[in-house]
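Naming convention: chains lettered A, B, ... in sequence-line order (proteins, then strands); numbering from 1 in each chain.
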Amino acid sequence: MLYSLHCLLSLYLRLCLSKINVPSIYNHRRFEEKWLLDWERRQLFQGRSQPGSASRSEKLYLLFAFAYPSGSGLHVGHVESKTALDILARFYRMNGRQVLFPVGWDAFGLPAENYAIKTGVHPAQTTRQAIDTFRRQIKRIGVSYDWTNEIATCHPEYYRWTQWLFLQLYGQDLAYQATGMVNWCPSCQTVLANEQVVDGHCERCDHQVVQREMKQWFFRITKYREELIGGLEEVDWPEPTKQQQLNWIGKKEGINVEYPVEGTAATDLTVNCFTTRPDTNFGATFVVVAPEHRLARDIAAGLVKPDTAAVTHRRQVSRYLRQTERKTERERQQEGRRKTGVFTGLYALNRLTGQRMPIWVSDFVLRGFGTGAVVGVPGHDRRDFEFAQTFKLPVKRVVVAPDGDGTDITSLDQVQEEAGVMLNSGFLDGLEISQAIPTMMDYLEKRGWGQRQTAYRLRDWLISRQRYWGTPIPIVYDPEGRPHPVKEEHLPWLLPTDVDYQPQGKPPLASSREFIERTERLYGPGWRPEFDTMDTFVDSSWYYLRYVDPRHPDRFASAEQLRRWLPVDFYMIGPEHIVLHLLYSRFFTKFLRDQGYFKFGEPFTKMRHQGIIMGPDGKRMSKSRGNVISPDQVIDKFGADTLRVYEMFMGPIETDKPWDDSAVAGVYRFLGRVHDLVSQAKAVESTADEHPAVQRKLHQVIRKLSADIPALKFNTAIAALMELTNLWEDVSRHGRQAVLARASLINFVQLLAPLAPFLAEELYSQLEGEADSVHLSDWPTWDDRLAAEPQVSLPVQVNGKIRAQLKVPAEQLGDTSQILEQAQRLPAVQRWLGGEEPSNSIYVPGRIVSLVTGPVGKKA
RNA sequence: GCCGAAGUGGCGGAACUGGUAGACGCGAGAGACUUAAAAUCUCUUGGUGGCAACACUGUGUGGGUUCGAGUCCCACCUUCGGCACCA
């Protein structure tokens, strides 16, 4: 019964379908899975040497940002950039390049550990599950990764080299221990990374985070700060990204000016202030030091005593230091720009003016930048002005603003920071700021009052984390507490498994008996391991090196493979959170180069960013908003090719764009038409018999895709394919009439291959049989002569407005005088010229004709 | 506040080096097929006026350069990212 009903239905359907023009027989389910298994079985993209013509020599290393396998799986935003890179990989393979396209997981990290604290499930288990999910989802979208060489940072075979890298840095004194301020959550009893501090509160328990001083491990990245600036000139990166790196390094040229300190019995006391604007020093009226500054501490400790009211000042300063120390991040943020501070009772002598400048302590001065002391020029620095206003300190004008305002400065908007001419400044009077700065620097240096100095914002990298799920720091302490490197033969220095990762106020590793016993067994009684693990940025900032030789047992990668593949030719990475990762990666690269492991100093030759795919509501996709689109849903309904082509068609890869369900259906329709068109196409005998317009379009499209794909302009590439399809359909009256030769049908399918690899493979197998793969075929070539339009329609402007079109055969496009004459004779042009002779005639070959009446050189 | 990016139809977007603004897709409207719906196909689709030919107008705002400006210059407005007392 059911069966006969089904038969009737399908018969009916077939009858209906035969009546309408294009019976859509495209069904992705029939073949996507099949080709996936086929590619895997034939190991099409595995290993680092693909089969193919002998010309496959030039290497191409394509790198996708290291992915953290989160528990919630992939969403369609991840698909975009993976697909983009996969298109490049497939395109370049077809173009004879030797392609390295590896995959791996940034598998250590907090989410898995937090989940473990909540549920008790071991992070290794959740991580493995998450990776399995990611792998399955990525395979489904047809990304041609080399899966046999997959890596994960949580595998001992990976992290032994992370530890090795630490030891190399340690050996060169670039890894060191120091006391530093860290974010401490009193409720969770643990240190938090900066990213875990949201609005001054703990990300997990919402408790206020406090600053706490702890002994920590640092990497001396600042050693490379100049090279990290200079190297940016060598690379092809988006300018804003370079700018962000520069801002982060924050190089500032200035001068340290030394002021004698007065008002105390000590005679040789000075205070050293860093400034980029010594030109305004005639306008300096006070000095401020950071609470951590030595002078402030000495006063609080009673080591430096002001001549007058010494006890009061000491008491006030030490109270202020205690207050600021106790301040939470939140309190500082809430304070905003409101200024606090106390007078020390001491004065700095401004030797330019002979004036005594009161020395204050205030926490708006940062200890980590410059000298931790600044000279206050309230007339020409907004911050200094606010401080002067709060504490009623004098304001003096030494620059006339470009608008000529030379009156007393009484409001913030009068504070002139940028441009102007000096006054009330002795020998600087009348000079522009830009000239006054070097003049003053020379003057101060000549007298020994100051010394030119460069300041940087970049600090050394704090890598210690009191966390479980990370790479153990390969350090052991002797019974006296002195650190020693773990011996290389003891690597990998395994992460213990018998730990209690509930927060207890000490690092989770401290709870492992095995870890301590292991250390004592290998190093002696009383020895203890380092209990901290490394920042996961350490793991993820050298992975691109391991990728070239992921199974090498004795080195992080062999010299041969490093030489062969690096540097990375193209890096695709999101625009957010890139500053640190890129700085760290570049730092490691420069370090290992200096150790002689390779020659290059910049790891990523070319880099581009992908945008964010927003939900259908135009907002960022998130679980709580309920606007997350999963690739699995889309693939189930429309197939992986539709998902890929749609995402590439949405717009430029680097911009943010919203998801649109009905546009997805549009792409599905397009692929359906392509499928039907090709699979039903009858071929003409030879390319000589092809329909000229379709043939021309095909060659134009081959040319366009050959340029658009390497330029990542996938949206216009797909539009071109649609145009070709539309034309082909029109001309062939929907697939019934042969218009192209077999060779051209194959070319069309090849154009499709990088973008819609499943459909292309299916159609290719119909045309060529199943023995070959379209993905191993050679990218089609075009013929410029066949692509040329035989006739061009030239717009003709009269006085700047288009009034007519002139049809010109292609071979006559170079004949300027004839074209101008013909254009002038067009009826519409005659009408608009109104009988006048043009005073100016312009012909831009192949583009436009422009005729102008009236006086030459003037607008009509 | 500072640094950066971007503003084009109802929507996503296209436009080479200053040379026909709106390719391609979505949506919408009308029609064909159908008992009907869906699907599919055909046509129309920036705005205003006109039966039409056609004209005017139009790329955030206001100026400018040019035969010609979405594109270049100046000023401003808006939105989105990043940093945030960095001397």
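Residue A:D656 contributes atom CG, which lies 13 Å from atom C1' of B:G82 at whole-angstrom precision. For the pair A:L721 CG and B:G25 P, the computed distance is 12 Å after rounding to whole Å. Atom-to-atom, CG of A:L826 to C1' of B:U20 comes out at 15 Å; the value is rounded to the nearest Å. Between A:K657 atom NZ and B:A14 atom P the separation is 10 Å, expressed in whole Å. In this structure, CG of A:L366 is placed 13 Å from C1' of B:C83, rounded to the nearest angstrom. In this entry the distance linking CD of A:E723 with C1' of B:A23 reads 6 Å, nearest Å. Distance, A:N27 CG to B:A39 P: 18 Å, rounded to whole Å. Per the geometry, CG belonging to A:D661 stands 16 Å off P belonging to B:G12, to the nearest Å.
Classification of A:E654 and A:R608 as a salt-bridged pair fails, no side-chain N sitting under 4.0 Å from a carboxylate O.
Mapped onto RNA chain B by nearest heavy atom, A:N247 and A:G666 fall at different nucleotides, with A:N247 at the one closer to the 5' end. Each of A:I718 and A:I842 was assigned the nucleotide of RNA chain B with the nearest heavy atom; the assignment lying further toward the 5' end belongs to A:I718.
Looking only at distances, no side-chain donor or acceptor of A:H380 sits under 3.5 Å from a matching main-chain atom of A:T280. Without hydrogens or angle criteria, A:Q451 side chain to A:N256 main chain gives no donor-acceptor distance under 3.5 Å. A:T241 contributes no side-chain N or O that, together with a main-chain N or O of A:W237, makes up a donor-acceptor pair within less than 3.5 Å. Between the side chain of A:D363 and the main chain of A:T324, no donor-acceptor pair closer than 3.5 Å is present. Between the A:D381 side chain and the A:G376 main chain, no donor and acceptor come within less than 3.5 Å of each other.
Across all strands, A:V375 comes closer than 4.0 Å to no nucleic acid atom at all (heavy-atom distances). Looking at heavy-atom distances under 4.0 Å, A:N726 makes contact with sugar-phosphate atoms alone, never a base. Here A:Q805 lies in heavy-atom contact (under 4.0 Å) with a base. Within 4.0 Å of A:P838, counting heavy atoms only, lies no atom of the nucleic acid at all. Within the 4.0 angstrom heavy-atom criterion, no nucleotide atom of any strand lies near A:W659. Nucleic acid contact class of A:A663 (heavy atoms, under 4.0 Å, all strands): sugar-phosphate only. As judged by a 4.0 angstrom heavy-atom cut-off over every strand, A:S793 is placed among the base-contacting residues. A:R803 comes within contact range of the sugar-phosphate backbone alone, with a heavy-atom separation under 4.0 Å but no base atom that close.
The listed nucleotides are B:C85, B:U57, B:G27; the one nearest the side chain of A:S662 is B:G27. Among B:A23, B:A5, B:U20, the nucleotide with an atom closest to any side-chain atom of A:I802 is B:U20. In the set B:A23, B:C41, B:G12, B:C41 carries the atom at the smallest distance from any side-chain atom of A:R673. Distances from the side chain of A:I848 to the nucleotides B:U20, B:A23, B:G13 place B:U20 closest. Checking B:U40, B:C3, B:G19 against the side-chain heavy atoms of A:Q243 singles out B:C3 as nearest.
A:R831 contributes no side-chain N or O that forms a donor-acceptor pair with the base of B:C54 under 3.5 Å. Applying the 3.5 Å distance criterion, the base of B:U20 shares no donor-acceptor pair with the side chain of A:Q797. Donor-acceptor pairing under 3.5 Å, judged by distance alone, is present between the side chain of A:S850 and the base of B:C67.
When the C1' atom is compared between B:U65 and B:G13, the two are found 30 Å apart, to the nearest whole Å. Taking atom C1' on both B:G1 and B:A69, the two are 34 Å apart, rounded to the nearest angstrom. Taking atom P in both B:G10 and B:C16, the straight-line distance is 23 Å, to the nearest Å. Between the C1' atoms of B:G9 and B:G63, the separation comes to 26 Å (whole Å). If you take atom C1' in B:A23 and the same atom in B:U8, they sit 13 Å apart, rounded to whole Å. Nucleotides B:G62 and B:C77, compared at atom P, are 15 Å apart to the nearest Å. Separation of the P atoms belonging to B:A38 and B:U44 is 23 Å when rounded to the nearest angstrom. Taking atom P on both B:G47 and B:G58, the two are 15 Å apart, rounded to the nearest angstrom.
Considering only residues two or more places apart in sequence or on other chains, A:R277 meets the salt bridge (Lys or Arg N to Asp or Glu O under 4.0 Å) condition with A:D279.
Nucleotide B:A39: unpaired (no Watson-Crick or G-U wobble partner with both distances less than 3.5 Å). B:C26 and B:G10 make up a base pair, with Watson-Crick or G-U wobble contacts both under 3.5 Å. A 3.5 Å limit on both hydrogen-bonding distances identifies no Watson-Crick or G-U partner for B:U59. Remark: B:C80 base-pairs with B:G4; criterion is Watson-Crick or G-U wobble with both hydrogen-bond distances under 3.5 Å. In this structure B:C33 sits in no base pair that meets the Watson-Crick or G-U test at under 3.5 Å. Base pairing of B:G19: its partner is B:C67, meeting the Watson-Crick or G-U wobble criterion (both donor-acceptor distances under 3.5 Å). Base pairing analysis places B:G49 opposite B:C54; the two distances defining the Watson-Crick or G-U wobble pair are each below 3.5 Å.
A sub-4.0 Å separation between OP1 or OP2 of B:G25 and a side-chain N or O of A:R669 is absent. Here A:W832 reaches the OP1 or OP2 of B:A55: one of its side-chain N or O atoms lies under 4.0 Å away. A:K801 has a side-chain polar atom (N or O) that falls below the 4.0 Å cut-off from OP1 or OP2 of B:U57.
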- Task: Would you please test A:W360 and A:F391 for ring-ring contact (aromatic ring centres under 6.0 Å, His included) and show each step?
- Result: CA-CA 10 Å; A:W360 286 66; A:F391 296 106; 4.6 Å; yes
- Message: Could you walk me through whether A:N247 and A:R457 satisfy the side chain to side chain donor-acceptor pair (under 3.5 Å) test, starting with their C-alpha distance in whole Å, then the side-chain angles of each, then the deciding distance to 0.1 Å, before giving a yes or no?
- Response: CA-CA 8 Å; A:N247 290 347; A:R457 182 182 183 273; over 6 Å; no
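For the pair A:K339 and A:F387, the cation-pi test (distance below 6.0 Å, angle within 45°) is failed.
In summary, of the residues considered (A:V792, A:V796, A:I848, A:V829), a side chain to side chain contact (heavy atoms under 4.5 Å, CB included) with A:L806 occurs for A:V796 alone.
Counting heavy-atom neighbours within 6.0 Å of A:R620 CZ, excluding the residue itself, gives a total of 12 or less.
B:G9 takes the syn form, because its glycosidic angle lies no more than 90° either side of 0.
For the segment residues 698-716 of chain A, the set of residues with a heavy atom within less than 4.0 Å of an atom of RNA chain B comprises A:K713, A:N715, A:T716, in numerical order.
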